[in-house]
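Just so it is clear: chains get the letters A, B, ... in the order the sequence lines come, proteins before strands, and each one is counted from 1.
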Amino acid sequence: MLDRSEVLHVARLARLRLTDEEVERMSRELSKVLDHIEKISELDLEGVPPTSHVVDVPGGLRADEPRPCLSREEALASAPAVAEGGFEVPSPGL
Amino acid sequence: MTLLALTAAQAAEQVRAGELAPAELWEAYRERAAADELNAFLWVADEAPASPADDAPLAGVPFAAKDLFCVRGVPSQAASRILEDYRPPYTATVVEQIVAAGAPVLGKTNQDEFAMGSSNENSGFGPVLNPWDRSRVPGGSSGGSAAAVAAGLAPWAIGTDTGGSIRQPAALCGVVGLKPTYGACSRYGMIAFASSLDQAGPLTRDVTDAALLFSAMVGKDHCDSTSVAFPEAVRRPRAEDLRGIRLGVPEELTSEAEGLEPGVRENFEATLRLAEELGAEVEPTRLPHAAHGLSAYYLIAPAEASSNLARYDGVRYGLRVEADGDLVDMYSRTRAAGFGPEVKRRIMLGTYALSAGYYDAYYGRAQRVRTKIAEDFAGAFERFDFVVTPTSPTVAFPLGARTDDPLAMYLADYCTVPMPLAGIPAISIPNGLSEGLPTSFQIAGPAFSENRILDAAYALEQAIGFDGSVPR
Amino acid sequence: MSWEPVIGLEVHVQLSTRTKMFCGCELSFGDPPNVHTCSVCLGLPGSLPVANERAVQYALKIGLALECELAPRSIFHRKNYFYPDLSKGYQISQYDEPLCRGGRLGDVRIHRVHLEEDAAKLVHLGQSGRIHGSDRSVVDFNRGGTPLVEIVTEPDLRTPEDAREWLVLLRNTLRQLAVSDVNMEEGSLRCDANVSVRQAGTAELGTKTELKNMNSFRFVERGIRAEVERQVGLLESGQNVVQETLHFDPQGGTLTPLRSKEEAHDYRYFPEPDLVPVRVTEEMVAAARAELPELPAARAERYLELELSADTARRFAYRPDLGDYFERALAVAAAGDGADVSAQSLANWVAELASQLDDADPAESKVAPEALARLAGLVTGRGVTSAVAQQVLGRLVAEGGDPAAIVEAESLATIGGGGELEETVRAAIEANPDAAERVRAGKAEAIGPIVGYVMRETKGRADGGQVTRMVRERLGV
């Protein structure tokens, strides 16, 4: 169902570094789960609208009024690396 | 030990009557929580709280919060190593509301990592032990909260339910667990698993406690656009019988259910007979798409999770693992090191279900199944007040029994996933023992029918007379 | 063989709301890093977005101004990808159910208009910031979560100049709506272009490329022109255009392909479960409509009634900055001593001003509308000649001031029919005896050198018609 190359592709999309052993296990386990899930392909869902929100209430908007911000110290408090008042990261390149 | 024998509501009444000092209550529970042998707690408060206001509804009776509720300055890690010792700068709305109603935070409870699991074995900080039998799982993902309440380490607790994460551990630990209507309680400050399913709710010793704690949790929150004002006051349940109540027993989730243990089935049938004795009409019904609930759930929840967990990237908080200064490599190493196997599995499954070429077959289809499941329930509620099922097809299983078989583990949610898919409320109450371990009865009703569910659950609870006092 | 460029634009507009798209942090520009952040825009665990009502209102105004169809219900999606300037690992945007669809501005059809959130700012640390020999950057989340409206056109533009001109029209329309600062240099207006070429006369579209980072109107034109030339070069040498994203370097005017990653376009869009669908009520639409200024079509109609030429009416309607300026000058002229200036001649002077300003907004120049009205009045009343008025306008553009005072101080007033002009005319005839002879002999067009002499001597202050009359009189023809 989900072969090694697909597992590697998905892992790259998800930014997960997997060991060879994990790739192997992932392929096996996810295939089994997908086999079970596959049952829904038997259902006739023609014309059935999708449900993305079980609550569909109006009034989900916020007035354009400022609320207090965090101080920079609070914002950066949990950052793994900080430089020049910001969150330091390896450069992504172009 | 009489103090520990009190339910939370009884303790609150004694505090208000001046018969019990909140500080005494706090100290008794703090000591027990700090001496926890079940690995139920990941953090226990050491500072005594301020005295509650005289009219505080929760009267200083402390509560335990599942680790994924953000509490300002307190470790809030969703039991994940990727958030080890993360202390947020803000507090979740439901926690703020409960504290404002007079209940201080006793501690943070262990859970499956990011609420992904049905046994609590997926915690980044070790499994929780079931107080009824320490060789068994407490259920999950709110296993720490369920075990803490069952073992008398906390008067009551809050957890979250996505596919059964309140009801199933409540069932396996012999306590009461309520999953409210989606939107009844704010999700703001709850570390997300699957946003369209997650709901906070109480885990308590009895139905009265559940109603009392729930009453402090509901409300429209302007920080959560999916929250809704609860349409009525949450009442203390008082029903003594079930006259005029019609219970629908869905065959798909009972007689036809995969892996339903005989002991669970026996107790379920006994409870149905009891319900009839209390005046209820009990009839079979059908939820034709309920059997597909698990499939839909295991597409929708991982898909949303794969996106919700993208923020754990080693940039703003949490773990960072870097080797060669490459950004993509930093992301991939950080996430590989920080997430446990089940979380990785679900991120993979969810990423796959959303990826190009598969969306329609998987996620899109699952959302249509979701529509059908909601329609099934709506149809059933035209004839019945409630739909009832066992909460868990099995009693608590031994630690390690299912860790090598993810699919078998997922089947533990068989009876609990359809309700969150439809956004409707459901309660789990203990209804007896099988092989010395608790079994449970689930009552599901239409959206915002919590008061009626609590009433029915209360009437049954009185009739069942479950003795929840595990060897403490 | 002739090639036809096919150009569509994707324009991002930062809205000038008080707070961000999904949280209550105030918008800022130029503040120290990370002082306008909160749990939501930092993507802290457990935080949830809530959409800004005014941002929706502004997007509706834009949709109405661009004659779009407004969706009564639209939803947000998550666009998933990892990048350090993205705090949640996804951008909240709109996908297949946008707020507005269809529409038109000028000759260009609008495909869609939708709301989304801006990314944070990523600052490269350079050599000083290198760690373990690797390049480092720093993320500043002040900008992260700023409301953005994305406007996508149909591929209706055909030349780089048209693209630039249309973008100016869009900028001016948005400015008139007061929904954005629309400043390309500061990034509150950003434009990407989809460019392809095809053989003229064919209908099929060629392979398109996407151009990014053209952060001025000039660069938009230059970038597109460079890309069109590149594509034509490829096709003429028998090569193919590859679908890719190109980064425009304004310094060298070059286009560099952005490194393509194999999964670059798998954004795994799905409906954002944290946000309920946006319901656009009739009240919201009515409120947005009530805030709309006069739109270009209505304005052009009004200018035609003032007897402006069709071209001028259209131009001033589509360039509301020119239209506004024209109307201010017209009001002054009507109230003051320039009462006999026609609307069209005043409009011509506004157009002349715009041309001297290289198409910048005249309201931001040193030339007050009062001054321009007075200048036009001087010309109409024959107080100065057109040639002199051009010079005076140049002075006004450079220094501002009152045209009458400049004319006075520089003695630029038109030289009347008095002795001074008589004397110059006499000298001119004397200096051009051959020409004089030919005029006398009936060759009227031979008068040119004589009149030219007078104009030179008077530095253009003489009225050409009057000089011609005087020369002919003196030569007895």
**Student:** Between B:Leu68 and chain C, with a heavy-atom cut-off of 4.5 Å, which part of the residue counts as in contact: side chain, backbone, both or neither?
**Tutor:** neither
**Student:** With a 4.5 angstrom heavy-atom cut-off, which part of B:Ala92 approaches chain C: side chain, backbone, both or neither?
**Tutor:** neither
**Student:** Report the C-alpha separation of B:Ser355 and C:Asp266 in whole Å, then their side-chain angles, then the decisive distance to 0.1 Å, and conclude whether the side-chain hydrogen bond (donor to acceptor under 3.5 Å, both in side chains) test is met.
**Tutor:** CA-CA 6 Å; B:Ser355 65; C:Asp266 198 347; 4.5 Å; no
**Student:** Once rounded to the nearest 0.5 Å, what's the spacing between atom CD of C:Glu272 and atom OG of B:Ser195?
**Tutor:** 6.5 Å
**Student:** What is the distance from atom CG of C:Asp135 to atom CG of B:Leu327, rounded to the nearest 0.5 Å?
**Tutor:**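 Interatomic distance, C:Asp135 CG to B:Leu327 CG, rounded to 0.5 Å: 11.5 Å.
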**Student:** Tell me, side chain or backbone of C:Phe141 under 4.5 Å from chain B's heavy atoms, or both, or neither?
**Tutor:**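 Just the side chain, heavy atoms under 4.5 Å.
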**Student:** Checking heavy atoms, do the side chain of B:Tyr312, its backbone, both or neither come under 4.5 Å from chain C?
**Tutor:** side chain
**Student:** Under 4.5 Å from any heavy atom of chain C, what part of B:Phe69 do you find: side chain, backbone, both or neither?
**Tutor:** neither
**Student:** Is atom NZ of B:Lys220 surrounded by more than 12 heavy atoms (other residues, nucleotides or ligands) closer than 6.0 Å?
**Tutor:**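 Enclosed: over 12 neighbouring heavy atoms sit under 6.0 Å from NZ of B:Lys220.
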**Student:** Under 4.5 Å, counting heavy-atom pairs only, tell me which of B:Ala192, B:Ser307, B:Gly189 racks up the most with chain C.
**Tutor:** B:Ser307
**Student:** What is the distance from atom OH of C:Tyr90 to atom CG of B:Asn308, rounded to the nearest 0.5 Å?
**Tutor:**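 Separation between the atoms: 5.5 Å.
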**Student:** Ignoring hydrogens and geometry, is there a side-chain-to-backbone donor-acceptor pair from B:Arg316 to C:Ser87 under 3.5 Å?
**Tutor:** yes
**Student:** When you look at C:Arg268 and B:Thr351, which way does the side-chain contact (heavy atoms from CB on, under 4.5 Å) test go after all the steps?
**Tutor:** CA-CA 8 Å; C:Arg268 288 161 284 137; B:Thr351 303; 3.8 Å; yes
**Student:** Under a 4.5 Å cutoff for heavy-atom pairs, which residue among B:Cys223, B:Ser196, B:Ser186 has the most contacts with chain C?
**Tutor:**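 Looking at each of B:Cys223, B:Ser196, B:Ser186 in turn, B:Cys223 comes out on top.
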**Student:** Residue by residue, which of residues 36-48 of chain C have a heavy atom closer than 4.5 Å to a heavy atom belonging to chain B?
**Tutor:** C:Ser39, C:Val40, C:Leu42, C:Gly43, C:Leu44, C:Pro45, C:Gly46, C:Ser47, C:Leu48
**Student:** Within a 6.0 Å radius of atom OH on C:Tyr95, are there more than 12 heavy atoms belonging to other residues, nucleotides or ligands?
**Tutor:**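 Not more than 12 within 6.0 Å, no.
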**Student:** For B:Tyr359, which atoms come within 4.5 Å of any heavy atom of chain C: side chain, backbone, both, or neither?
**Tutor:**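 Side chain of B:Tyr359 only, per the 4.5 Å heavy-atom cut-off to chain C.
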**Student:** Please indicate whether C:Lys208 has more than 12 foreign heavy atoms, meaning atoms of other residues, nucleotides or ligands, lying under 6.0 Å from its NZ.
**Tutor:** no
**Student:** Strictly distance-based, threshold 3.5 Å: is any side-chain N or O of B:Ser225 a donor or acceptor partner for the main-chain N or O of C:Asp274?
**Tutor:**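 Yes.
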**Student:** Once you measure the plane-to-plane angle for B:Tyr363 and C:Phe270, does it fall in the parallel (<30°), tilted (30-60°) or perpendicular (>60°) bin?
**Tutor:**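 If you compare the ring of B:Tyr363 with that of C:Phe270, the planes turn out perpendicular.
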**Student:** Can you name the nearest heavy-atom pair linking B:Asp224 to C:Val50, along with the distance?
**Tutor:**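 Answer, listing the atom of B:Asp224 first, then C:Val50: N-CG2, 4.1 Å.
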**Student:** Is it the backbone or the side chain of B:Cys70 that comes under 4.5 Å from a heavy atom of chain C, or both, or neither?
**Tutor:**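 Only the side chain of B:Cys70 comes within 4.5 Å of chain C.
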**Student:** Side chain, backbone, both or neither: which part of B:Tyr352 has a non-hydrogen atom closer than 4.5 Å to chain C?
**Tutor:**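 Neither the backbone nor the side chain of B:Tyr352 comes within 4.5 Å of chain C.
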**Student:** Write down the atom of C:Arg78, the atom of B:Glu304, and the distance for their closest heavy-atom approach.
**Tutor:** NH1-O, 4.1 Å
